[in-house]
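Per chain, numbering begins at 1; letters A, B, ... match sequence-line order.
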Amino acid sequence: MIIRDYSERIKLCLIDDRSFKSNFFAVNVIIPLDKSNVTESVLLPNVMIRGTKSCPDIEALSRKLSLLYGASLYADAVKKNDNLVLSFSVRFVKDRFSLNGEKIAADAVGLLFEMLSSPCFESNVFKSEYTESELKNLRDRIDAEINDKRRYVLKSLIANLCKDEPFGISANGYKEDLERITPETLTKRYREIMANSKIFAFFFGECDENVICEGLFSAFDKQSPFSEAVSEAKTPCGEPQFIREEMAITQAKLAIGFKAGSLEGYTPAETGLFNAVYGSGATSKLFENVREKLSLCYYCASRVYRQKGIMTVDSGVEIEKYETAYNEILSQLDDVANKRITEREFVSAKNAMRNAYNSLKDSFFALHDWYLSCFIAGDIYTPDEITELIDVAEADRIAEIASLFKPQTVYLLSPKK
Amino acid sequence: MEKRNFSSQLDEEYFETVCENGLKIIVFKKPQFNASYAVIATRYGSVNTGFTENGVHYDIPDGTAHFLEHKLFEGEKAPAFERFAKTGASANAYTTFDKTAYLFSASENFYESLEILLDFVSHPYLTEENVKKEQGIIGQEIEMYDDDPNWQTFFRAIDGAYTTHPIKKDIAGTRETISVLTPELLYKIYHHFYCSNNMTLCVAGNVSPEKVVETANKSFALKPNDNICPDEIIENKGVSAKRSYKKLAVSKPLFGIAVKTELEKVALSDRRKNEVAVSIALELIAGGISNFYNKLYSENALSDFGYEYMTSNGYAVVNLTGVSDDPERIYSEFFKSVKKLTDGKTDENDFETVKKNVYGKYLAAFDSIEDVANMALSADFSGSNVFEPAEIIKSITLSEVIDAAKLAFCEDNASMAVIMPQDE
């Protein structure tokens, strides 16, 4: 893996690979989360993937991608710490696998750059047809958040847990903003973002680096100033707030949000290991006890956001058992904090983590996500460096991390009576 | 190893053999990968609703295959998850209409993990107590699916398209059907279907085929059963319901359309070709280059749209799912688009374009050890091999695609399920 520091603003992560069938190239535009413009930012990738200058509609784009041997083009917006990342990427088969000697790479990379720099405009702004159509789709997407109950509950939990923080902002945007978005305002936002955002590009496969950097420099000014979010971790305070919502469902969902304050003194391996011991995967305390031994929940899992000093635990539970499940989830955390971690639990968590980090190297999607997260956190570790840190991590440190987490928000989605 | 298959076009190779006890083993050597993946499956899934042994017929309650899948992880000395925790492998399992599969991936201690996999699959440990406990856990899983609108549209559409075929049954069963399960009945069913000659092991990764076979010979304890006799599957013409409706907590209507293929009309030797042909047809009818998709998407009449052709020895069904305010319109536009293809009004250039698309997507599956091993497993269960599609895609003609489409998209065999929002 090579990192090219072209400037303060633009970095490229290159991974040379000769053995996969596909190449993968991504350009990530990183912007601080801001409630005043998040909806426009979220809308952008959806409008941009509707068409480019040379492929002005979905049909033309699909035709081009099909001719490039089923290349896949992606554009979406994801939340990473206190940033919104507009991620544009393309996966395509390597030239040597085309059936008639067609060249694929140059066109596929070119198409991604075209999506970024030459969207389908009319009179110098985004096409109104696409803007309106994607505004409707976005409205539907926001409404459809209730369809997936598990995700809905986690999202509502984080919105409450981080109420006055950027991290609490929805990565789908807000319905009340939709009315005031026009092709003009959207184009203005597009130009701001292209001019003043941090750029993290990623290439996995066989490539001509010159083509990549020429494309990057022509799309983005190397030296222009950019804004950057500094992610903050808030310290926990007070008793947990309890929120209950009713819906026409069969199985209740219980989610708990915790805060720990800053976890900067701990390595990603240590916070990851804490998560594995406590609540992530089949070797964790939550899985072994809350699900398997006590049969309290069908699923019960934790997730730690290290930069934010936050943890979520979510579960699917029968409504009559939610209090028992809640107490058990806290009691398991208490066990970790009080060093009631057996040698078997600790070694199992280490083994599972080592396996996860080694396996990460087998997927360019996973590698991209990993290095993007590292880049945003400002700490680049290779998966191998993490596995080395896992080997030397100590149980006392894991207990220390557990003792920092205090429940702050409890969210219960219960069946309508 | 008995047989080595190499494709210079794909730059891939695999080995296959049948062990003395009848277990089939397929191994992809992919030394560039850090982890390796193994999956072992038995030809026993939710469509197996009964069998005959020594002249006695046994009914299998709905959800039993899935129940056994959960239960096999319980070992007499230690649960399988606890054993895998020592090697670091990440293990899981799944049950489909036609198979039950157990799997793991590991970047260290691969052969030790393979021993655990083969050992726990061949040593069930069922007691009154642990069966009862599982009934509670699976009851919760079923409740979760009850609330999942995507799951509901998919299965309700399939239910409507079939008349008597057991594909209609819920894979996990219901709280009632699994409540009758006892250790005795589970053992009986297990011993009928879990036998070496009814199973295949597929491995992909940085492994030695010889060592895989050596491990299987050592740790896989099951014997062949020459009298496997699952109930014959009977399916009538037509559908059981053209439409079905249900209300759930969703924002907009979700639809699922299922169109079954009358499989008896496709010769066994043409099944693989039929699968490729229908996949190409689907791209032409409903894919990114189709008028159908472009018109409906640009009018905001369709979103979250997806499609697939699910095939196996005992069934083949096209599934379409999506979100729309007007599912009836989607349904009729879809069949108009089908007609355009079957009437021969498709451009030959579009056909060549879609072929490249399908070929590229097929190639990309070789970039994942999980996908390769599962693809090889499905191919084996269908009596085919994983390299076959490459040749078929290259040589297939538009008229062959049209013929397959006429059979696969027959409106008489179609059913639509709609999940509607609750009343305010």
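Across every non-hydrogen atom of B:Leu10 and A:Phe97, the tightest pair is O-CE2, 3.6 Å. Between A:Ala248 and B:Ala249, the shortest heavy-atom contact is O-CB, 3.9 Å. Among all heavy-atom pairs drawn from B:Lys356 and A:Ser66, the shortest one is CB-O, 3.5 Å. When all heavy atoms are compared, the tightest approach of A:Ile58 to B:Asn294 is CB-OD1, 3.3 Å. Smallest separation of non-hydrogen atoms from B:Lys133 and A:Ser295: CG-OG, 3.5 Å. Residues B:Asn300 and A:Asn137 come closest through the heavy atom pair ND2-OD1, 3.0 Å.
Distance check: A:Ser133 OG to B:Glu299 CD gives 10.0 Å after rounding to the nearest 0.5 Å. Here the NZ atom belonging to A:Lys149 is positioned 8.0 Å from the CG atom belonging to B:Asp148, to the nearest 0.5 angstrom. One distance of note links CG of A:Asn147 with CG of B:Asn150; it measures 7.5 Å at 0.5 Å rounding. Interatomic distance, CD of B:Glu134 versus CD of A:Glu292, reported as 7.0 Å (0.5 Å rounding). The structure places CD of B:Glu141 at 9.5 Å from CD of A:Gln251, a figure rounded to the nearest 0.5 Å. Annotation: the span from B:Ile289 atom CD1 to A:Ser62 atom OG amounts to 8.0 Å, rounded to 0.5 Å.
Looking at A:Glu59, its side chain never comes within 3.5 Å of a backbone N or O of B:Asn291 through a donor-acceptor pair. Using a distance-only test at 3.5 Å, with no hydrogens or angles considered, no donor-acceptor pair links the side chain of A:Asp143 to the main chain of B:Lys252. A side-chain donor-acceptor contact under 3.5 Å links A:Asn355 to the backbone of B:Gly88. Proximity of a side-chain donor or acceptor of A:Asn358 to a complementary backbone N or O of B:Glu108 within less than 3.5 Å is not detected.
Contact check for B:Met144 versus A:Arg150: no side-chain heavy atoms found under the 4.5 Å cut-off. In this structure, the side chains of B:Asn357 and A:Tyr69 stay at 4.5 Å or more apart for every pair of heavy atoms. With contacts defined as side-chain heavy-atom distances shorter than 4.5 Å, the pair A:Val317/B:Gln140 does not qualify. Contact annotation: the side chain of B:Ser251 never approaches that of A:Glu145 to less than 4.5 Å [non-hydrogen atoms, C-beta and beyond].
In terms of heavy-atom pairs under 4.5 angstrom with chain A, the leader among B:Tyr362, B:Tyr359, B:Phe366 is B:Tyr359. Ranking B:Asn34, B:Asn92, B:Ile369, B:Leu363 against chain A, the residue ahead of the rest is B:Asn34, based on heavy-atom pairs under 4.5 Å. Each of B:Val358, B:Asp350, B:Val354 has some count of heavy-atom pairs under 4.5 Å with chain A, and the biggest count is that of B:Asp350. Contact count against chain B (heavy-atom pairs under 4.5 Å) is highest for A:Ile249 among A:Ile249, A:Leu68, A:Leu296, A:Leu360. Note on B:Pro31, B:Ala35, B:Ala85: by heavy-atom pairs under 4.5 Å with chain A, the leading option is B:Ala85. When the candidates A:Asp148, A:Leu99, A:Thr283, A:Asn100 are compared by the number of heavy-atom contacts under 4.5 Å with chain B, A:Leu99 comes out ahead. Annotation: maximal heavy-atom pairing with chain B below 4.5 Å, among A:Glu132, A:Arg96, A:Glu102, occurs at A:Glu102. Of the listed residues B:Ile137, B:Leu248, B:Val323, the one with more heavy-atom pairs under 4.5 angstrom with chain A than any other is B:Ile137. For the set B:Ser105, B:Ser290, B:Pro421, the count of heavy-atom pairs under 4.5 angstrom toward chain A peaks at B:Ser105.
For A:Glu129, the part lying near chain B is the side chain, with the backbone staying farther off; criterion is any non-hydrogen pair under 4.5 Å. For B:Gln9, the parts lying under 4.5 angstrom from a heavy atom of chain A are both the backbone and the side chain. With a threshold of 4.5 angstrom between heavy atoms, B:Phe33 approaches chain A through its backbone and through its side chain. Proximity to chain B is limited to the side chain of A:Lys253, based on heavy atoms less than 4.5 angstrom apart. With a 4.5 angstrom heavy-atom cutoff, B:Ser368 does not touch chain A via any of its atoms. Contact of B:Ala365 with chain A is not made at all, since no heavy-atom distance falls under 4.5 Å. Heavy atoms closer than 4.5 Å to chain B are found in the side chain of A:Phe364, but not in its backbone. Of the atoms belonging to B:Lys247, not a single heavy atom falls under 4.5 Å from chain A. Only the side chain of A:Phe287 comes within contact range of chain B, with heavy atoms under 4.5 Å apart. At a 4.5 Å heavy-atom cutoff, the contact between B:Ser298 and chain A is made by backbone and side-chain atoms alike. Contacts of B:Leu254 with chain A are made by side-chain atoms alone, with heavy-atom separations under 4.5 Å and no backbone atom involved. Contact of A:Phe92 with chain B is not made at all, since no heavy-atom distance falls under 4.5 Å. Proximity to chain B (any heavy atom under 4.5 Å) is shown, for A:Ser98, by neither the backbone nor the side chain. For A:Lys321, the part lying under 4.5 angstrom from a heavy atom of chain B is the side chain only.
At a cut-off of 3.5 Å, with distance as the only test, no side-chain donor of A:Asp57 or B:Tyr297 sits close to an acceptor on the other residue.
Of residues 16-23 of chain A, those residues lying under 4.5 Å from chain B by any heavy-atom pair are A:Ser19, A:Phe20, A:Lys21, A:Ser22.
Heavy atoms of other residues, nucleotides or ligands lying less than 6.0 angstrom from NZ of B:Lys86 number 12 at most. By the 6.0 Å contact criterion, CZ on A:Arg344 is enclosed, its count of non-hydrogen atoms from other residues, nucleotides or ligands being greater than 12. Within 6.0 Å of atom NZ in A:Lys64, more than 12 heavy atoms from other residues, nucleotides or ligands are found, so the atom counts as buried in its surroundings. For B:Lys246, the NZ atom counts as densely surrounded, since its 6.0 Å shell holds more than 12 non-hydrogen atoms of other residues, nucleotides or ligands.
Here B:Glu143 pairs with B:Arg175 under the side-chain hydrogen bond (donor to acceptor under 3.5 Å, both in side chains) rule; sequence neighbours left out.
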